[in-house]
Amino acid sequence: MTKINKKVLVSSAKCFADDAAINSHMDSSIAIDQQKAVQEHGEITKAFRAAGIEVTHVDEPSNCQDGVYTANWALIRNGTAVMSRLPNARKSEEAHAKQILEDLGYETIVLAENSPFSGQGDALFCGDYLFVGTTYRTSPAAQDALEKTWPDVKVVRLQTIPELDAEGMPVINQYSGWPDSFFYDLDLALAVIDESLIAWCPDAFDTESQEKIRSINDVEKIEVSLEEAKEGFACNLVSTGEYVIMSDRAPGLRTELLRRGLQVITPSCTELVKGGGFIRCISLTLE
């Protein structure tokens, strides 16, 4: 077994807020317990270390509500980081993340301003595959750039289901101006457990994307219910291939992982989810 997620980058939850509701999970009328969010962040990073993951702590950009979600800063492989292009409310994170990664010795690639890309939140390596979301936070131009950067990797472009209004029309987020989805980032609908195993929620994807995933014969698949994906954030996890740090509200997936011999750690997370992020979102894989 090849270990994955050996090293991750995390910031902190000191500036965490939801003033600009840039995804369908956020509701500024529901108060965030700041102290509890910081505590949760500490418990999750503690769980990472318990799983043998090397954790690098950095500062988040000041006064940035989503700076805790480092997964959205970039996508990294073999010393190269393709930098994200984030919604307007998160623009201050871009230069901050670039400087941090360059200081750590990574070669950085900056996409065009009009090429939205949500970094590791919307792009997940699984062996020689790269599963990438489409429409909500990542553009086709960004996907093309990923293929050019890592030509040895097969990019699988996937589409999750949109959020619809009362008339059945796609919802456009008032803050970002981009289409909305409960599964706006792919890591809410699909998780990499090891280099040949994923967990995914079929009902989170359109028919074409379901067929794409099912047609990949050299990757084994665990199916996650829509309820656990939406209510329990089941797929937003970090796995080393031996340990899985995941939601404490996804008993079905937890049972299946234990059945397969994996060790499972389930820290509680009630505040960080109010920003539309969870365990996977607060960590950027460095190696």
Peer 1: List the steps, then state whether side-chain contact (heavy atoms from CB on, under 4.5 Å) holds for E271 with K274.
Peer 2: CA-CA 5 Å; E271 300 307 303; K274 294 176 181 177; 2.9 Å; yes
Peer 1: Could you walk me through whether K98 and E94 satisfy the salt bridge (Lys or Arg N to Asp or Glu O under 4.0 Å) test, starting with their C-alpha distance in whole Å, then the side-chain angles of each, then the deciding distance to 0.1 Å, before giving a yes or no?
Peer 2: CA-CA 6 Å; K98 182 174 183 291; E94 293 181 357; over 6 Å; no
Peer 1: Taking only residues at least two apart or on different chains, which pairs with a member in residues 138-165 satisfy ring-ring contact (aromatic ring centres under 6.0 Å, His included)?
Peer 2: F125-W150
Peer 1: Restricting to salt bridge (charged side-chain N to carboxylate O under 4.0 Å, His left out), what partner residues turn up for K230, sequence neighbours left out?
Peer 2: none
Peer 1: Can you list the steps and then say if L124 with I198 is a side-chain contact (heavy atoms from CB on, under 4.5 Å)?
Peer 2: CA-CA 10 Å; L124 299 168; I198 64 170; over 6 Å; no
Peer 1: Determine whether V132 and L186 satisfy the following criterion, side-chain contact (heavy atoms from CB on, under 4.5 Å), listing intermediate values before the conclusion.
Peer 2: CA-CA 7 Å; V132 186; L186 188 64; 5.5 Å; no
Peer 1: Closer than 3.5 angstrom, by distance alone: can the side chain of T240 be matched with the main-chain N or O of I4 as a donor-acceptor pair?
Peer 2: no
Peer 1: Taking ILVMFWY side chains as joined if any heavy atoms are under 4.5 angstrom apart, and letting links pass through other members, which residues group with L101?
Peer 2: L9, V58, W73, I76, M83, I100, L104, Y106, V110, L284, L286
Peer 1: When you measure from the side chain of Q143 to the backbone N and O of G133, does any donor-acceptor pair fall under 3.5 Å?
Peer 2: yes
Peer 1: Please report, to 0.1 Å, the donor-acceptor pairs under 3.5 Å made by any side chain of residues 245-252, with sequence neighbours excluded.
Peer 2:
{"residue": "S247", "atom": "OG", "partner": "G232", "partner atom": "O", "Å": "2.6"}
{"residue": "S247", "atom": "OG", "partner": "R249", "partner atom": "N", "Å": "2.8"}
{"residue": "R249", "atom": "NH1", "partner": "E231", "partner atom": "O", "Å": "2.9"}

Peer 1: Ignoring hydrogens and geometry, is there a side-chain-to-backbone donor-acceptor pair from S283 to V10 under 3.5 Å?
Peer 2: no
Peer 1: Counting only heavy atoms from other residues, nucleotides and ligands, does the tally under 6.0 Å from NZ of K6 exceed 12?
Peer 2: yes
Peer 1: Would you say R254's side chain and V264's backbone share a donor-acceptor pair under 3.5 angstrom?
Peer 2: no
Peer 1: Under the 3.5 angstrom rule, does the side chain of D180 hit a backbone N or O of P170 as a donor-acceptor pair?
Peer 2: no
Peer 1: Run the side-chain contact (heavy atoms from CB on, under 4.5 Å) check on L253 and L237 step by step: do they pass?
Peer 2: CA-CA 11 Å; L253 177 57; L237 58 79; 3.9 Å; yes
Peer 1: As a quick check of understanding, evaluate side chain to side chain donor-acceptor pair (under 3.5 Å) for E60 and S12, giving each step before the final call.
Peer 2: CA-CA 6 Å; E60 80 280 23; S12 79; 2.8 Å; yes
Peer 1: Within a reach of under 6.0 Å around NZ of K91, are more than 12 heavy atoms found that belong to other residues, nucleotides or ligands?
Peer 2: yes
Peer 1: Suppose we screen for salt bridge (charged side-chain N to carboxylate O under 4.0 Å, His left out). Which residues come up paired with E227, at least two apart in sequence or across chains?
Peer 2: none
Peer 1: Side chains of L272 and I44: closer than 4.5 Å at any heavy-atom pair?
Peer 2: yes
Peer 1: List for me each residue that meets side chain to side chain contact (heavy atoms under 4.5 Å, CB included) alongside A204, sequence neighbours excluded, and say none if there are none.
Peer 2: F183, A189, C201
Peer 1: Taking NZ, NE, NH1 and NH2 as the nitrogens, is one of them in R214 or E223 under 4.0 Å from a carboxylate oxygen of the other?
Peer 2: yes
Peer 1: Tell me which pairs pass ring-ring contact (aromatic ring centres under 6.0 Å, His included) where either residue lies in residues 190-210, with sequence neighbours left out.
Peer 2: W200-F205
Peer 1: With sequence neighbours excluded, give me every side chain to side chain donor-acceptor pair (under 3.5 Å) pair touching residues 161-171.
Peer 2: none
Peer 1: May I ask you to list the residues sharing a hydrophobic cluster with V38, side-chain cutoff 4.5 Å, ordered by chain and number?
Peer 2: none
Peer 1: Sorted by first residue and then second, give each side chain to side chain donor-acceptor pair (under 3.5 Å) pair with at least one member in residues 115-132; sequence neighbours left out.
Peer 2: N72-S118, S118-D185, Q120-T285, D122-T138, Y129-D218
Peer 1: Under a 4.5 Å side-chain heavy-atom rule over Ile, Leu, Val, Met, Phe, Trp and Tyr, are V238 and V273 clustered together?
Peer 2: yes
Peer 1: Okay, side chain of Q210, backbone of P202: is any donor-acceptor separation there less than 3.5 Å?
Peer 2: yes
Peer 1: Would you list the pairs meeting ring-ring contact (aromatic ring centres under 6.0 Å, His included) in which at least one residue belongs to residues 208-250, sequence neighbours left out?
Peer 2: H25-F233, F233-F278
Peer 1: Please check: side-chain N/O of Q159 versus main-chain N/O of T135, any donor-acceptor pairing under 3.5 Å?
Peer 2: no
Peer 1: Would you please name every residue forming a salt bridge (charged side-chain N to carboxylate O under 4.0 Å, His left out) with E147, sequence neighbours left out?
Peer 2: R157
Peer 1: Any donor and acceptor pair, going by atom type alone, linking the side chain of D194 with main-chain N or O of L197 inside 3.5 Å?
Peer 2: yes
Peer 1: Counting C-beta onward and ignoring hydrogens, is there a side-chain heavy-atom pair between P87 and Y175 closer than 4.5 Å?
Peer 2: no
